[in-house]
Amino acid sequence: MGHDHSHDHTAPPSDPALRVKALESLLVEKGLVDPAAIDEIIETYETKVGPRNGAKVVARAWTDPDFKSLLLSDANKAIHSMGYTGRQGEHMKVVENTATQHNLVVCTLCSCYPWTVLGLPPVWYKSAPYRARAVSDPKGVLAEFGTTLPKGMKISVWDSTSEMRFLVLPQRPANTDGWTTEELEKLITRNSMIGVEHALTPEKLRAIEASKTP
Amino acid sequence: MNGAHDLGGMHGLGPINPEPELEEPVFHAEWEKRALGLTLTAGWLGQWNIDISRFARERQHPITYLSNSYYENWLAGLETLLIERGVISPEELAQGKAIDPAPAELIEKCAPASAVQDILLAGGPCDLATDDPQSFQIGDKIRVIQFNPTGHTRAPRYIRGHKGTITDYYGSFIFPDENAQGNKIGQHLYNVSFDGNQLWGEGNDTTIHVDLWQSYMDPA
């Protein structure tokens with residue numbers, strides 16, 4: 001586990017693995033929870049609902065001006081039309097990164113995140129340091145992700161305090177003219193749709209693919 | 001409530017240390033998967049709503065909240081709700097064994113695996129009409145009210161008392177402060193922008209957007 005915490009200032013809580021196991025067997029015994037339903041939920045978010053959904057939305061917006069315009073004016077209609085509906089994506093708003101405007105999404109109060117298009121949030125998004133500083137020091141946060149912005153770029157931070165879920169439409173990288181949506185999708189990372197990184201450049205994508213092939 | 005969950009602007013929490021995107025698994029331990037699944041399936045029993053469940057996590061002691069990993073906070077909230085709503089007893093939780101049978105009407109609500117996809121795809125829309133007039137229009141200047149409610153609220157501390165500008169109107173949505181007490185009331189919901197230098201001091205040239213319900217705001 002990458003996020004173990006020290007408990008030296010409080011009584012150590014019992015092992016969460018044991019607590020979860022005991023609670024599940026209790027609720028199953030009482031007939032209130034079906035363990036196969038839990039398996040189904042896990043499989044859904046491990047294999048079906050994840051940031052590849054969002055990448056398809058973004059790639060389409062990069063190549064289809066009418067869709068992009070609908071996405072920015074009525075994100076619900078645009079995203080739901082692609083079949084990405086449901087839990088933690090009922091109400092969507094898309095914010096566009098441009099040559100002069102950068103957007104960053106956070107939930108300072110808990111961990112609100114657009115599950116339908118990005119899946120479950122990464123650990124860092126739910127972490128106290130990110131939630132604390134994204135609103136007060138976004139430039140410092142971006143620097144921790146190795147993200148630099150051109151001088152004069154305006155930054156907007158979107159704090160998800162209601163049930164509205166925000167998705168960043170990243171800027172389309174240069175030198176991608178004529179790319180198909182399938183090719184473009186490979187450039188669209190989860191982090192670029194939260195706004196902590198840019199979409200990959202073609203050079204970066206090539207480097208990543210080269211490092212994967214032996 | 002002014003709990004440890006209300007983190008905007010807090011210092012001293014250290015670096016973010018994000019795991020590289022290509023290396024991070026969806027879950028970091030088997031028990032996290034079960035904690036997520038249990039939280040969702042137990043929620044489908046219909047004994048609480050999203051704001052009640054958020055408030056259950058927020059009510060933990062700040063040291064506990066900040067020491068816990070994310071799914072530990074979910075687990076703590078779930079245990080609290082199950083006991084408070086009488087779904088299980090503290091003795092049953094301690095033993096991990098049933099003492100009393102669950103009521104039949106609750107067992108009826110247990111979602112089978114075959115229902116999961118439909119439930120997830122349906123989600124839970126939160127818009128709810130109101131007869132109240134809409135007080136603000138896009139472009140209006142507002143000031144967030146100064147208040148320190150001990151219950152659940154979605155107005156974070158860092159914007160209370162500050163001036164902002166209405167930038168979007170979403171319609172009428174369930175008001176979380178009341179929803180956390182079991183009262184389902186619709187209220188107008190807006191997006192509001194705040195200048196970084198207003199919230200954090202001179203030299204901060206960013207814009208912070210926060211979604212705020214109508215009763216959180218007065219005209220400025």
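Labels below follow one simple rule: chain letters A, B, ... track the order of the sequence lines, proteins then strands, and each chain is numbered from 1.
- Listed by chain and number, the residues in a salt bridge (Lys or Arg N to Asp or Glu O under 4.0 Å) with B:D168 are A:K93 (sequence neighbours excluded).
- Using a 4.5 Å cut-off between heavy atoms, B:L22 contacts chain A through its side chain alone, with no backbone atom that close.
- For the atom pair NE2 of B:H5 and CG of B:N2, the computed distance is 8.0 Å after rounding to the nearest 0.5 Å.
- Counting heavy-atom pairs closer than 4.5 Å to chain B, the top-ranked of the candidates A:K21, A:H91, A:E197 is A:H91.
- Looking at A:T116, there are no atoms closer than 4.5 Å to chain B (heavy atoms on both sides), in backbone or side chain.
- Ranked by heavy-atom pairs shorter than 4.5 Å toward chain B, the options A:V141, A:I155, A:V49, A:L109 are led by A:L109.
- Using a 4.5 Å cut-off between heavy atoms, B:D6 touches chain A through backbone and side chain atoms alike.
- Heavy-atom distances place both the backbone and the side chain of B:L106 under 4.5 Å from chain A.
- Considering A:F145, A:Y130, A:W158 in turn, A:Y130 is the only one that fulfils the side chain to side chain contact (heavy atoms under 4.5 Å, CB included) rule with A:I194.
- Residue contact with chain B, scored on non-hydrogen atoms closer than 4.5 Å, involves the side chain of A:P138 exclusively.
- Contact annotation for B:F194: neither backbone nor side-chain heavy atoms come within less than 4.5 Å of a heavy atom of chain A.
- Both the backbone and the side chain of A:L32 come within contact range of chain B, judged by heavy atoms closer than 4.5 Å.
- Relative to the six-membered ring of B:F147, B:R160 meets both conditions, a distance below 6.0 Å and an angle of at most 45° to the axis.
- The number of heavy atoms from other shown groups lying within 6.0 Å of NZ (A:K77) does not exceed 12.
- Neither the backbone nor the side chain of A:L18 comes within contact range of chain B; no heavy atoms are under 4.5 Å apart.
- For a residue to count as touching a neighbouring chain, one of its non-hydrogen atoms must lie under 4.5 Å from one of that chain's; by this rule B:L93 touches chain A with backbone and side chain alike.
- Neither the backbone nor the side chain of A:N103 comes within contact range of chain B; no heavy atoms are under 4.5 Å apart.
- Ring geometry for B:Y170 versus B:F173: interplanar angle over 60°, hence perpendicular rather than tilted (30 to 60°).
- Contact of A:K154 with chain B is not made at all, since no heavy-atom distance falls under 4.5 Å.
- For chain B, the nearby part of A:L120 is the side chain; its heavy atoms alone come within less than 4.5 Å.
- If you measure heavy-atom distances from A:Y84 to chain B, you find no contacts under 4.5 Å at all.
- Both the backbone and the side chain of B:A35 come within less than 4.5 Å of a heavy atom of chain A.
- With a 4.5 angstrom heavy-atom cutoff, B:N73 does not touch chain A via any of its atoms.
- Interface remark: B:E24 contributes side-chain atoms only to the contact with chain A (heavy atom separation under 4.5 Å).
- Most heavy-atom pairs under 4.5 Å with chain B, from the set A:A132, A:A37, A:G86, A:A22: that is A:A132.
- Side chains of A:T85 and A:H80 form a contact here, defined as non-hydrogen atoms less than 4.5 Å apart.
- For B:A111, the part lying under 4.5 angstrom from a heavy atom of chain A is the backbone only.
- Separation of atoms OG1 (A:T47) and CZ (A:R52) is listed at 14.5 Å; rounding is to 0.5 Å.
- In this structure, the portions of B:P112 lying under 4.5 Å from any heavy atom of chain A include both its backbone and its side chain.
- Contacts of A:P35 with chain B are made by both backbone and side-chain atoms, with heavy-atom separations under 4.5 Å.
- Taking A:V95, A:V135, A:I208 one by one and counting their heavy-atom pairs under 4.5 Å with chain B, the maximum is reached by A:V135.
- Comparing B:G123, B:A4, B:A155 by how many heavy-atom pairs each has under 4.5 Å with chain A, the most go to B:G123.
- With respect to chain A, the highest number of heavy-atom pairs below 4.5 Å among B:G12, B:G8, B:A102 belongs to B:G8.
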